[in-house]
A.B. asks: 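The structure follows.
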Amino acid sequence: GFEGLRGRLGEGYPRVFLILGNDDYRAVEPALTEIETRGLWSYAHGRRFEFEGFDVYGYSFIPPSPFLLKDWERYDVSRYVDPGCVSPEEGRRSVVIDPLEAKLSTIQKDLDRLTADADLSRAVLLFHSPPYQTRLDRAALDGRRVDHVSLDVHVGSIAVRRFIEARQPLLTRPGPVHEAARRTGSWQDRIGRTLMLGAAHDGPELALVDFEIERPEAASRSLI
């Protein structure tokens with residue numbers, strides 16, 4: 001599909017950055033990086049790219065969820081697991097990793113390593129997890145309880161939120177809590193100077209967010 005698109009667009013073919021998440025098997029990473037050598041896309045997880053005077057970073061991991069596939073899950077800021085969720089040390093994976101990686105790695109540590117001391121004022125971060133307690137991480141968990149404990153309706157990453165608060169990147173593009181926009185009435189939010197644009201949608205349409213990197217505040221969202 002991408003090769004066909006490039007054939008039709010020629011020199012107008014766009015720069016494509018992608019990350020995986022949730023139900024995507026990490027075992028396909030070698031195929032993605034091989035296709036990257038053909039110039040069809042840039043596989044961005046855990047990497048930095050330059051794009052028209054901006055930096056683009058990708059990061060796929062989310063905090064522990066109730067799902068059993070753990071290829072893209074990490075502890076957030078500690079080894080705490082929310083009620084009803086499954087530890088990254090349990091579940092199943094499509095690739096074999098060191099048990100110590102599952103036990104000791106956190107999203108917080110990963111983000112510190114990924115960006116080090118870089119200036120992020122002209123950086124776009126492709127996060128899979130939205131930051132905690134925003135309009136973009138509101139799940140449909142109202143009234144739900146596990147072992148008599150009420151579930152938090154905000155399911156985003158505390159580490160991602162702290163990272164944005166401290167580092168203030170230009171823009172983040174978090175992935176889905178699919179029902180968040182319907183629940184909060186907004187597909188975007190802001191933490192300090194950082195604008196966050198979400199394309200999550202729980203209807204039959206594809207949600208497309210269109211923006212100019214020089215002025216992302218003028219972004220628009222379409223359902224197609």
Side-chain angles (χ1 to χ4, degrees), residues 1-6 14-49 56-77 79-82 84-111 113-115 124-132 136-137 139-141 155-157 159-160 163 172-180 198-209:
F2 281 87
E3 286 179 332
L5 181 63
R6 183 169 64 178
R15 182 80 179 274
V16 178
F17 300 96
L18 63 84
I19 60 174
L20 300 176
N22 276 46
D23 294 333
D24 298 323
Y25 289 128
R26 194 170 185 179
V28 305
E29 275 191 314
L32 294 182
T33 54
E34 188 278 324
I35 294 171
E36 181 179 51
T37 65
R38 307 182 209 168
L40 292 177
W41 58 54
S42 297
Y43 178 55
H45 170 66
R47 302 168 71 190
R48 179 185 70 86
F49 297 89
V56 177
Y57 295 84
Y59 187 74
S60 293
F61 287 108
I62 66 169
S65 79
F67 307 123
L68 292 181
L69 181 63
K70 298 301 177 183
D71 277 348
W72 299 114
E73 294 193 15
R74 284 267 203 260
Y75 288 119
D76 198 9
V77 297
R79 296 183 67 208
Y80 174 78
V81 177
D82 281 323
C85 293
V86 178
S87 160
E89 298 175 67
E90 302 176 35
R92 58 186 177 86
R93 297 176 183 270
S94 69
V95 295
V96 176
I97 68 168
D98 186 334
L100 285 178
E101 179 182 346
K103 180 178 181 179
L104 301 178
S105 297
T106 66
I107 294 175
Q108 179 174 281
K109 293 176 184 176
D110 284 353
L111 295 179
R113 281 193 296 266
L114 175 61
T115 59
V124 177
L125 284 102
L126 307 178
F127 286 128
H128 184 203
S129 176
Y132 180 62
L136 307 182
D137 79 324
L141 296 174
V155 296
S157 167
V160 169
F163 175 85
T172 71
R173 287 286 293 104
V177 174
H178 293 281
E179 67 271 28
H201 179 55
D202 60 351
E205 305 89 353
L206 172 69
L208 176 68
V209 172

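As the structure is a computational prediction, the values presented were derived from the model and not from experiment.
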A.B. asks: Considering residues at least two apart in sequence or located in another chain, which fulfil the side chain to side chain donor-acceptor pair (under 3.5 Å) criterion with Ser42?
C.D. replies: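 Listed in chain order: Arg15.
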
A.B. asks: Using a 4.5 Å cut-off on heavy atoms from C-beta on, say whether the side chain of Val86 contacts that of Val81.
C.D. replies: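 No, every pair of side-chain atoms sits at 4.5 Å or beyond.
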
A.B. asks: Give me the atom names and distance for the closest heavy-atom approach of Leu111 to Thr115.
C.D. replies: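 For Leu111 versus Thr115, the nearest heavy atoms are O-OG1, 2.9 Å.
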
A.B. asks: Of all residues at least two apart in sequence or in a different chain, which pass the side-chain contact (heavy atoms from CB on, under 4.5 Å) check with Leu206?
C.D. replies: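 Listed in chain order: Ile224.
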
A.B. asks: How long is the straight-line distance from OG of Ser94 back to CG of Asp23, given to the nearest 0.5 Å?
C.D. replies: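 Output value for this atom pair is 11.5 Å.
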
A.B. asks: What is the distance from atom CZ of Phe127 to atom CD1 of Ile19, rounded to the nearest 0.5 Å?
C.D. replies: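 So the CZ of Phe127 and the CD1 of Ile19 are separated by 9.5 Å.
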
A.B. asks: Among residues at least two apart in sequence or on other chains, which ones pass salt bridge (charged side-chain N to carboxylate O under 4.0 Å, His left out) with Glu34?
C.D. replies: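 Only Arg38 meet the salt bridge (charged side-chain N to carboxylate O under 4.0 Å, His left out) criterion with Glu34.
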
A.B. asks: Does the side chain of Tyr57 come within less than 4.5 Å of Phe17's, by heavy atoms?
C.D. replies: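 Result no, sub-4.5 Å side-chain heavy-atom pair not found.
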
A.B. asks: Would you say the side chain of Ile97 lies within less than 4.5 Å of the side chain of Val95, judging by non-hydrogen atoms?
C.D. replies: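 In short, these two side chains touch, coming nearer than 4.5 Å.
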
A.B. asks: Return the minimal non-hydrogen interatomic distance between Ser60 and Trp72, and the atom names on each side.
C.D. replies: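 Nearest pair, atom of Ser60 first, then Trp72: CB-CE3, 3.5 Å.
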
A.B. asks: Measure up the His45 and Phe61 rings against each other and bin them: parallel (under 30°), tilted (30 to 60°), perpendicular (over 60°).
C.D. replies: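 Aromatic pair His45/Phe61 classed perpendicular.
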
A.B. asks: Listed by chain and number, what are the side-chain contact (heavy atoms from CB on, under 4.5 Å) partners of Leu18, not counting sequence neighbours?
C.D. replies: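 Here the qualifying residues are Leu32, Trp41, Tyr43.
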
A.B. asks: Can you sort out the partners of Pro14 under side-chain contact (heavy atoms from CB on, under 4.5 Å), two or more places apart, ordered by chain and number?
C.D. replies: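 Listed in chain order: Leu9, Val16.
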
A.B. asks: Which residues pass the salt bridge (charged side-chain N to carboxylate O under 4.0 Å, His left out) test with Glu90, sequence neighbours left out?
C.D. replies: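 In terms of salt bridge (charged side-chain N to carboxylate O under 4.0 Å, His left out), with neighbours along the sequence ignored, Glu90 is linked to no residue.
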
A.B. asks: Tell me whether Thr33 contacts the main-chain N or O of Pro30 through its side chain, where contact means a donor paired with an acceptor under 3.5 Å.
C.D. replies: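 At least one qualifying donor-acceptor pair exists.
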
A.B. asks: Do the side chains of Ile62 and Asn22 get nearer than 4.5 Å, heavy atoms only?
C.D. replies: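 Yes - at least one pair of side-chain heavy atoms lies under 4.5 Å apart.
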
A.B. asks: Does any non-hydrogen side-chain atom of Ile107 lie less than 4.5 Å from one of Pro63?
C.D. replies: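 Answer yes - side chains close enough.
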
A.B. asks: Taking salt bridge (charged side-chain N to carboxylate O under 4.0 Å, His left out) as the cut-off, I'd like each qualifying pair that reaches into residues 68-77, sequence neighbours left out, listed once.
C.D. replies: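 Pairs touching residues 68-77 that pass the test: Lys70-Glu73, Arg74-Glu101, Arg74-Asp110.
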
A.B. asks: Under the salt bridge (charged side-chain N to carboxylate O under 4.0 Å, His left out) test, which residues partner Asp202, sequence neighbours left out?
C.D. replies: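 Salt bridge (charged side-chain N to carboxylate O under 4.0 Å, His left out) list for Asp202, sorted by chain: Arg182.
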
A.B. asks: Taking Arg93 for the side chain and Pro88 for the main chain, is one N or O donor matched with an acceptor at less than 3.5 Å?
C.D. replies: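 A pair under 3.5 Å: yes.
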
A.B. asks: Listed by chain and number, what are the side chain to side chain donor-acceptor pair (under 3.5 Å) partners of Arg26, not counting sequence neighbours?
C.D. replies: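 Glu29.
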
A.B. asks: Side-chain contact test, heavy atoms from C-beta onward, threshold under 4.5 Å: evaluate it for Leu20 versus Val28 and give yes or no.
C.D. replies: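 Contact flag for Leu20/Val28 side chains = yes.
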
A.B. asks: What residues, two or more places apart in sequence or in another chain, satisfy side chain to side chain donor-acceptor pair (under 3.5 Å) together with Tyr75?
C.D. replies: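 Per chain and number, Tyr75 pairs via side chain to side chain donor-acceptor pair (under 3.5 Å) with Ser87, Glu89.
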
A.B. asks: Report yes or no: does Lys103 contribute a side-chain atom to a donor-acceptor pair with the main-chain N or O of Arg79 at less than 3.5 Å?
C.D. replies: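 It does not hold such a pair.
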
A.B. asks: Between CG of Asp137 and OG of Ser129, what distance do you get to the nearest 0.5 Å?
C.D. replies: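 Nearest 0.5 Å value for the CG-OG distance: 7.5 Å.
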
A.B. asks: For residues 172-179, please give each side-chain donor-acceptor pair under 3.5 Å, one per line with the distance, not counting sequence neighbours.
C.D. replies:
unit_1, atom_1, unit_2, atom_2, d
Arg173, NH1, Leu197, O, 2.3
His178, ND1, His201, O, 3.4
Glu179, OE2, Ala140, N, 2.7

A.B. asks: According to side chain to side chain donor-acceptor pair (under 3.5 Å), who are the partners of Tyr25, at least two apart in sequence or on a separate chain?
C.D. replies: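 Tyr25 satisfies side chain to side chain donor-acceptor pair (under 3.5 Å) with no other residue.
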
